[in-house]
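Counting from 1, the numbers follow the sequence of the chain as shown.
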Amino acid sequence: MADSSDQEAVVSNKQVIFRDFISGFPKESDMFVATGPVKLKLPEGSRGVLLKNLYLSCDPYMRLLMTPKNEGSGEVFAPYTPGSPVSGFGVAKVLDSGHPDFKKGDIVWGTTKWEEYSVISAPEILFKIQHTDVPLSYYTGILAVHGMTAYAGFYELCSPKKGEYVYVSAAAGAVGQLVGQFAKLMGCYVVGSAGSKEKVDLLKSKFRFDEAFNYKEEHDLDAALKRYFPEGIDIYFDNVGGKILDAVLLNMRDHGRIAVCGMISQYNAEKPEGVCNLLNIVYKRVRMQGFYVFDYFQQYAKFLETVIPYIKEGKIAYVEDIAEGLESGASALVGLFNGRNIGKQVVVVARE
């Protein structure tokens with residue numbers, strides 16, 4: 001049952017509200033900050049949880065939820081409701097619980113709303129955080145969905161072998177930076193692409209990629225890939241789609257593997273770009289597969305057992321781009337689509 005010992009305090013609840021459905025690139029004005037009241041106690045008989053949100057994750061998929069039909073995300077995510085808070089992955093503290101799996105004081109991660117306090121009526125979507133000896137913000141990224149995406153996409157779909165040639169697009173992002181480091185730990189040759197000199201330098205100096213390049217400075221992506229992969233690409237981890245994917249298809253080796261994680265180049269396009277070089281999949285017997293990370297969450301405990309020691313031993317580096325306060329949330333989210341963030345974009349709501 002919900003905790004009835006605390007007084008039924010009513011406090012103000014700052015929220016980031018989604019204004020209305022959009023087309024093209026999102027703007028800060030598509031969201032606004034509002035304040036309303038919230039009770040810091042669940043109603044009697046509730047099986048939900050009341051959360052104090054601590055850290056929120058900014059992710060490219062959230063753009064897909066700003067369109068009414070939500071065609072780009074299939075049945076995985078429902079579109080946002082105009083006039084209601086934005087939602088996404090986050091880290092929170094349980095203030096009250098009517099669910100037997102959660103108690104007051106638990107720290108959890110999962111889907112929550114962009115506000116100071118959230119009532120989650122179906123807390124089965126939340127994961128209790130057991131390892132609190134690492135920064136809690138890591139559970140918006142490396143130790144949550146993004147880390148599992150990199151882990152499952154690379155190890156399960158790509159079946160890497162020592163010495164193989166690996167290319168990662170959007171390599172300085174939350175997923176890409178981890179895929180590249182997993183590949184290096186496997187003994188692979190790794191090249192990443194990103195959209196600025198600062199990010200390219202980060203890939204080589206911080207994340208230990210063998211090479212990296214700024215795709216915006218390459219007028220011929222096919223030639224660029226041939227320069228970095230004269231013998232071809234064994235594994236491509238695709239976060240971008242579009243022209244980069246098309247160029248990669250010309251450079252895959254026989255029996256290469258492509259994990260299709262995302263296509264950020266297409267999320268804001270009113271007319272998606274076509275891919276012309278698909279016949280190379282046939283000629284080179286390439287396996288190209290999309291995936292949904294929650295299909296692999298039965299491996300989450302094993303993933304944590306692998307990755308947390310890597311973090312503590314310094315075998316994996318991780319970079320976050322921190323925005324302070326809900327007021328900065330819209331700007332942080334929009335910044336993903338012009339490449340403003342360096343590393344995993346996180347919004348801090350409260351530090352407990």
Side-chain angles (χ1 to χ4, degrees), residues 146-147 149-195 197 199-265 275-291 306-307 310 315-317:
H146 305 81
T149 298
Y151 182 85
F154 183 64
Y155 292 113
E156 297 295 323
L157 271 70
C158 296
S159 304
K161 303 178 189 68
K162 183 177 180 179
E164 289 194 311
Y165 303 116
V166 177
Y167 172 46
V168 185
S169 58
V175 174
Q177 60 175 283
L178 301 175
V179 173
Q181 292 179 87
F182 288 153
K184 285 300 298 177
L185 288 169
M186 281 286 301
C188 299
Y189 169 78
V190 185
V191 177
S193 59
K197 181 182 184 303
K199 292 181 180 180
V200 167
D201 292 343
L202 185 71
L203 291 175
K204 292 192 286 187
S205 63
K206 183 83 171 177
F207 301 138
R208 307 184 189 98
F209 282 55
D210 294 288
E211 292 290 349
F213 65 92
N214 183 347
Y215 71 91
K216 294 178 182 178
E217 295 178 351
E218 299 292 346
H219 302 294
D220 185 338
L221 290 168
D222 177 33
L225 291 173
K226 284 181 166 58
R227 188 166 72 245
Y228 289 103
F229 295 99
E231 297 182 42
I233 299 167
D234 291 298
I235 292 172
Y236 172 45
F237 199 97
D238 186 17
N239 294 303
V240 171
K243 292 182 174 64
I244 291 181
L245 173 59
D246 221 15
V248 166
L249 290 171
L250 295 172
N251 289 276
M252 291 300 294
R253 302 181 80 185
D254 289 353
H255 305 289
R257 288 85 72 202
I258 299 174
V260 183
C261 174
M263 294 195 173
I264 194 171
S265 72
V275 176
C276 302
N277 296 316
L278 288 171
L279 195 56
N280 287 277
I281 292 176
V282 179
Y283 294 153
K284 298 180 180 180
R285 288 87 77 200
V286 171
R287 187 177 79 242
M288 180 174 173
Q289 183 177 343
F291 66 105
T306 301
V307 173
Y310 281 165
K315 292 181 178 179
I316 284 184

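Rounding to the nearest 0.5 Å gives a distance of 10.0 Å between CG of Leu250 and CD1 of Ile233. The distance from the CG atom of Leu278 to the CD1 atom of Ile281 is 5.0 Å, given to the nearest 0.5 Å. Rounding to the nearest 0.5 angstrom, the gap separating the OG atom in Ser193 from the CD atom in Glu211 is 13.0 Å.
Closest of all the heavy-atom pairs between Ala172 and Ala194 is CB-CB, 4.4 Å. The two atoms that bring Thr149 and Cys261 nearest to each other are CG2-SG, 3.4 Å, heavy atoms only. The two residues Asn214 and Val200 make their nearest non-hydrogen contact at N-CG2, 3.6 Å. In terms of heavy-atom proximity, Ala150 sits nearest to Val179 at CB-CG2, 3.6 Å. A pairwise comparison of heavy atoms in Leu157 and Gly153 identifies CB-O, 3.2 Å as the closest pair. Listed here is the closest heavy atom pair of Asn239 and Ser169: ND2-O, 2.8 Å.
A salt bridge between Arg285 and Asp254 is present, with a side-chain N of the basic residue lying under 4.0 Å from a carboxylate O of the acidic one. A salt bridge links Glu218 with Arg227: the distance from a Lys NZ or Arg NE/NH1/NH2 to an Asp or Glu carboxylate oxygen falls below 4.0 Å.
Residue pairs that meet the ring-ring contact (aromatic ring centres under 6.0 Å, His included) test with at least one member in residues 171-192, sequence neighbours left out, are Tyr155-Phe182, Tyr165-Tyr189, Tyr189-Phe229.
Counting heavy atoms from C-beta on, the side chains of Met288 and Leu245 come closer than 4.5 Å. With a 4.5 Å cut-off on side-chain heavy atoms, Leu185 and Tyr310 count as touching. Counting only heavy atoms from C-beta outward, the side chains of Leu249 and Val275 approach each other to under 4.5 Å. The shortest side-chain heavy-atom distance between Cys158 and Glu164 does not fall under the 4.5 Å cut-off. Using a 4.5 Å heavy-atom threshold, the side chains of Glu231 and Arg253 count as touching. A heavy-atom distance below 4.5 Å is found between the side chains of Met263 and Asp238. Between Lys226 and Asn251 there is a side-chain heavy-atom pair separated by less than 4.5 Å. Side chains of Lys184 and Asp210 form a contact here, defined as non-hydrogen atoms less than 4.5 Å apart.
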In a table with atom names and distances, give each donor-acceptor pair under 3.5 Å that connects a side chain of residues 201-208 to protein atoms at least two apart or in another chain.
residue : atom : partner : partner atom : Å
Asp201  : OD2  : Lys197  : NZ           : 2.7
Ser205  : OG   : Asp201  : O            : 2.8
Arg208  : NH2  : Gly314  : O            : 3.4

> Stepwise, does the side-chain contact (heavy atoms from CB on, under 4.5 Å) test hold for Lys161 with Cys188?
Replying inline: CA-CA 7 Å; Lys161 303 178 189 68; Cys188 299; over 6 Å; no

>> Applying side-chain contact (heavy atoms from CB on, under 4.5 Å) to Val248 and Tyr167, what does each step give before you reach the verdict?
In response: CA-CA 9 Å; Val248 166; Tyr167 172 46; 3.6 Å; yes

>> Does Arg287 form a side-chain contact (heavy atoms from CB on, under 4.5 Å) with Ile258? I'd like the steps, not just the answer.
In response: CA-CA 6 Å; Arg287 187 177 79 242; Ile258 299 174; over 6 Å; no

> What's the verdict on side-chain contact (heavy atoms from CB on, under 4.5 Å) for Phe213 and Leu225, showing C-alpha distance, side-chain angles and the deciding distance?
Replying inline: CA-CA 10 Å; Phe213 65 92; Leu225 291 173; 4.1 Å; yes

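Judged by distance alone, the side chain of Arg257 and the main-chain N or O of Val286 form no donor-acceptor pair under 3.5 Å.
For Phe209, the ring pair (Phe, Tyr, Trp, His ring centres under 6.0 Å) test picks out no residue, with sequence neighbours left out.
Checked against a 6.0 Å centroid threshold, the rings of Phe154 and Phe237 do not count as neighbours.
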